[in-house]
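Data block below; observations after.
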Amino acid sequence: MKVGLLTGGGDCPGLNAVIRAVAQVVANHGGRCMGVLEGWRGLVQENMTRDLDLAETDAIIGLGGTILGSSRTNPFKFAERDIPLLLARFKELELDALVAIGGDDTLGVANRLYKEYQFPVVGVPKTIDNDLMVTDFTFGFDTAINIVVEAVERLRTTTESHRRIMVIETMGRHAGWIACFSGIAVGADYIMIPEVPIDIDHVVDVLKRRRDQGKKYAILVVSEGAQFPEKGMVTLHAETDAFGHVRLGGVGNVVASMVEERTGVETRCVVLGHIQRGGPPSAYDRVLATRFGLAAGRLVVEKRFGTMVALSGTRIIEATLGDAVATAKTLDLKYYDEASLFFPKL
Ligand code: F6P
């Protein structure tokens with residue numbers, strides 16, 4: 001059996017751990033793996049594959065990024081041209097199955113290929129945003145929130161020295177998982193997420209109260225997708241990628257200038273950006289990614305295509321790709337309700 005592997009969309013710590021685990025299971029069953037380079041682009045264009053042998057994959061569990069490269073290529077954007085190319089390339093390479101490791105966009109393509117062309121694919125969910133349905137958590141998320149925590153602990157000392165207010169903008173696009181979890185973990189004075197419109201009057205009220213109580217600095221965590229009522233998301237520029245996503249960024253600076261104007265306290269913003277996606281995976285993410293990879297390898301061997309591995313509680317389960325990409329998983333608001341008890345409305 002010859003199994004292709006690809007990683008698509010924004011990269012995330014733990015991708016290599018999945019590759020390693022899939023390769024091991026396939027080898028255990030007498031098969032071999034081939035790496036498809038740069039996401040779906042690697043099946044549309046020529047000469048974008050390479051063999052993966054265990055000697056190489058065994059050493060990559062702790063490596064960040066992806067040894068296969070990634071892209072946001074959407075073969076359905078120019079479907080008439082690219083889908084026949086993709087199907088022909090897959091046949092030419094004599095692949096029996098494909099493991100697609102990605103977020104909603106990459107797995108959305110996998111789902112359509114399976115549904116419309118009976119393409120033999122198994123999905124593995126990845127994203128630092130943790131916004132994929134069916135799975136409780138995705139690998140990459142734990143690493144990302146730990147990076148935010150470390151950054152905030154560094155920012156805290158300088159913020160306190162200068163009696164400033166610091167706004168930290170996190171990733172997360174449409175879901176507040178990163179902002180909420182890291183905000184709770186650093187004891188943020190306020191957390192702003194895409195799911196709840198920003199109430200700047202309340203933010204300022206909380207900050208003034210804290211100052212009056214003697215806290216001379218403040219930490220605000222803002223998700224890149226947080227919005228002011230009726231204003232929409234703050235974007236870096238209007239262009240969209242092949243899946244129609246705008247490039248987010250800047251809401252932290254908008255919040256900082258509003259807060260400074262209303263409180264009279266010097267307020268700065270740090271946009272953490274891609275730092276949250278870089279570097280080695282945490283131990284938790286290495287284990288989760290390995291368990292996902294082992295389970296995906298088994299699904300491939302058993303020819304259970306159109307499926308995706310997922311985490312339910314502590315168990316790895318099998319889900320359908322269709323259920324996984326049906327809608328985005330926004331933050332479970334019970335976490336935000338708990339976080340909000342530290343910045344109550346009085
Ligand atoms: O999907 C993960 C993510 O990190 C989002 O949080 C962020 O908006 C986006 O990717 C950034 O993507 P890119 O690296 O393509 O700019």
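Residue numbers count from 1 along this sequence. We count ligands from 1, going down the list as the structure has it; atoms in each ligand are counted the same way.
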- Message: Please state which option from R277, H174, R173, H245 has its nearest heavy atom closest to atom 3 (C) of ligand 1.
- Response: R277
- Item | Sub-4.0 Å heavy-atom approach of G172 to ligand 1 | yes
- Note on the structure: shortest atom 13 (P) of ligand 1-to-protein heavy-atom contact is with R72 NH2, 3.5 Å
- Is it true that the side chains of H245 and D105 contain a donor and an acceptor less than 3.5 Å apart? yes
- Message: Looking at Y217, I'd like to know if the NZ or CZ of K215 sits under 6.0 Å from its six-membered ring centre while staying within 45 degrees of the ring's axis.
- Response: yes
- Task: Take every heavy atom of D129, measure it against each atom of ligand 1, and state whether any distance is under 4.0 Å.
- Result: yes
- Is H274 near ligand 1, meaning one of its heavy atoms is under 4.0 Å from it? yes
- Query: Does ligand 1 have any atom sitting under 4.0 Å from a heavy atom of R247?
  - Reply: no
- Where the side chain of E38 meets the backbone of S71, is there a donor-acceptor pair that is under 3.5 Å apart? no
- Given the rule in the side-chain contact (heavy atoms from CB on, under 4.5 Å) test, do L248 and V246 qualify, once you have shown the distances and angles that lead to the verdict? CA-CA 6 Å; L248 295 178; V246 288; 4.0 Å; yes
- Any chance you could lay out the side chain to side chain donor-acceptor pair (under 3.5 Å) test for N146 and E150, step after step, and finish with the verdict? CA-CA 6 Å; N146 277 296; E150 203 210 313; over 6 Å; no
- Query: Side-chain contact, heavy-atom cut-off 4.5 Å: D11 with K126?
  - Reply: no
- Item | Contact (N/O only, under 3.5 Å) between E224 and ligand 1 | yes
